[in-house]
Amino acid sequence: MNTLKSKQLFEQAQKSIVGGVNSPVRAFKSVGGHPIFMRSAKGAYLYDEDKNRYIDLINSWGPMLLGHANDAVIEAVQAVLKDSFSFGAPTSAEVEIAELIKSMMPNIEMLRMVNSGTEATMAAIRVARGFTKKDKIIKFEGCYHGHADSFLIAAGSGAATMGIPDSQGVTSKTAQDTLTVPYNDLGALEAILITNAGMVAAIILEPVVGNMGCVLPKEGYLQGVRALCDEHNVLLIFDEVMTGFRLAKGGAQALFGVKPDLTTLGKIIGGGLPVGAYGGRTDIMSMVAPLGPVYQAGTLSGNPVAMASGLATLKQIKASTAIIEKANHNAQQIADGMRIINSKLGLNYTINRIGSMFTLFFTDRPVHNFNDAKSSDTKLFAAYFHEMLKRGVYLAPSQYESLFVSMAIQDADIQHILEAHEDSMSLIQDQN
Ligand SMILES: *Cc1c(COP(=O)(O)O)cnc(C)c1O
């Protein structure tokens with residue numbers, strides 16, 4: 001596969017863009033080589049600058065559940081473009097998307113639209129602190145909640161991939177207010193709540209983790225976290241930036257039947273344009289300006305073009321159970337197929353999957369938390385990643401990421417992915 005144009009573009013990019021990329025996870029730093037510069041995409045496929053085709057298993061890190069360049073989304077965006085892009089004044093589309101989100105997410109009574117998942121989580125903890133008049137938050141090791149200062153403590157995703165889970169530039173005062181515990185360990189959570197009694201505003205977590213690779217909550221874990229929050233008078237924030245509108249129309253909270261006080265959303269909510277949202281109980285959300293004393297604002301929040309894309313995406317997901325089911329079916333076929341091939345090759349690697357999210361960990365340890373995930377052989381992952389890429393399958397360029405399967409993948413694509421998997425796995429095992 002010839003990727004010369006990407007290579008040249010990356011060399012050029014590094015002269016003006018830090019590291020050549022506008023988000024570190026794109027840099028291929030942990031897998032080596034140069035990133036692939038994309039030119040277009042349709043349905044299940046990405047096309048790069050050298051005209052190579054890839055089956056996409058990241059889907060823009062989550063947003064493209066419907067597949068790329070969905071016709072109805074394109075039409076909706078085109079329809080609003082001629083009416084101008086931004087007014088800095090309210091529009092009916094914002095009312096429509098707010099009502100639509102409320103009708104889908106079971107525990108959102110009031111909400112605010114923002115421009116990214118980072119903004120959503122940053123605002124959610126500010127509101128939680130304002131409401132409870134407490135300072136500390138608890139997050140889980142390896143969970144990623146965007147790049148706001150408070151969350152860059154034991155952060156997963158790119159921070160874990162780059163080996164900088166605790167970012168420089170975050171003041172020690174800020175870091176002191178973020179407590180961390182291992183995921184899937186109620187005992188550790190209870191202990192830290194007791195030690196910090198009366199000081200914790202909120203617990204924030206990914207109800208299904210995508211950012212240390214895909215990690216599922218153990219049976220009863222989310223219910224246990226909810227119970228501890230009630231017992232210790234702490235707010236529960238579900239960060240459903242990845243899981244919202246994907247694991248179920250109402251996200252992980254609908255799937256597991258657990259009720260958070262606040263929810264953060266992103267990714268699918270914008271259908272590929274920059275959108276986030278946070279919302280929850282009316283009494284808590286009423287703290288936000290102009291109703292209350294917690295300040296949060298945004299020049300481009302609720303942008304009409306972004307709302308059109310989000311609306312056209314969410315409307316389809318709400319209207320048809322078949323979308324999520326097809327994506328789930330695709331992921332199941334891929335993950336189960338990989339399991340069968342692995343065992344044929346005598347390999348016992350852990351594959352975690354739920355719905356249309358999955359990760360193949362290069363470890364034979366079950367993966368329930370970040371420590372387990374870190375037992376993976378990342379060198380082997382890097383070799384596998386490049387073999388898959390050569391065979392036209394585009395994975396996340398890091399072991400510590402979930403893959404996101406779209407509904408656009410068809411049976412022939414699954415066949416292609418599994419053949420690529422078998423060839424790649426055999427090859428890297430021989431070399432190893
Ligand atoms: C991606 C992600 C974020 C951050 O969203 P951005 O839009 O990248 O700022 C926050 N939380 C979770 C769980 C995410 O996966």
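Counting starts at 1 for both ligands and their atoms, in listed order. We use all heavy atoms of the structure for the numbers below, so side chains are in, but hydrogens, waters and symmetry mates are not.
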Q.
Classify the ring geometry of Tyr384 against Phe381: parallel below 30°, tilted from 30° to 60°, perpendicular beyond 60°.
A.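 Aromatic pair Tyr384/Phe381 classed tilted.
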Q) Under 30°, 30 to 60°, or over 60°: which ring-plane class applies to Phe140 and Tyr183, parallel, tilted or perpendicular? A)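 If you compare the ring of Phe140 with that of Tyr183, the planes turn out perpendicular.
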So if I count the atoms of ligand 1 from 1 in the order they appear, which ones are less than 4.0 Å from some heavy atom of [X]?
X      : result
Met242 : 15 (O)
Ser116 : 7 (O), 9 (O)
Gly146 : 3 (C), 4 (C), 10 (C)

Q. Side chain or backbone of Thr264 under 4.0 Å from ligand 1, or both, or neither, by non-hydrogen atoms?
A.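 For Thr264, there is no contact with ligand 1 at all, from either part.
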(Q) Applying a heavy-atom cut-off of 4.0 Å, say which part of Lys267 lies close to ligand 1: side chain, backbone, both or neither. (A)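 Under 4.0 Å from ligand 1, Lys267 contributes side-chain atoms alone.
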Q | Pair His34 and Phe10, ring centroids less than 6.0 Å apart | A |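 Centroid separation for His34 and Phe10: 6.0 Å or greater.
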Q. Looking only at non-hydrogen atoms, which of Asp239, Val275, Thr118 approaches atom 4 (C) of ligand 1 most closely?
A.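 Closest candidate by heavy-atom distance is Thr118.
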(Q) Among all the protein's non-hydrogen atoms, which is closest to atom 7 (O) of ligand 1, and how far away is it? (A)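 Protein heavy atom at minimum distance: Gly117 N, 2.9 Å.
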Q.
Counting only heavy atoms not in His421 (residues, nucleotides, ligands), do more than 12 fall under 6.0 Å from its NE2?
A.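 Yes, because the 6.0 Å sphere around NE2 of His421 holds more than 12 heavy atoms from other groups.
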Q) In terms of side-chain geometry, is the basic nitrogen of Asp261 or Arg226 positioned less than 4.0 Å from the acidic oxygen of its partner? A)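 Salt bridge present between Asp261 and Arg226.
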Q) How many angstroms lie between OG1 in Thr378 and CZ in Phe361, if you round to the nearest 0.5 Å? A)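 Here the rounded value is 13.0 Å.
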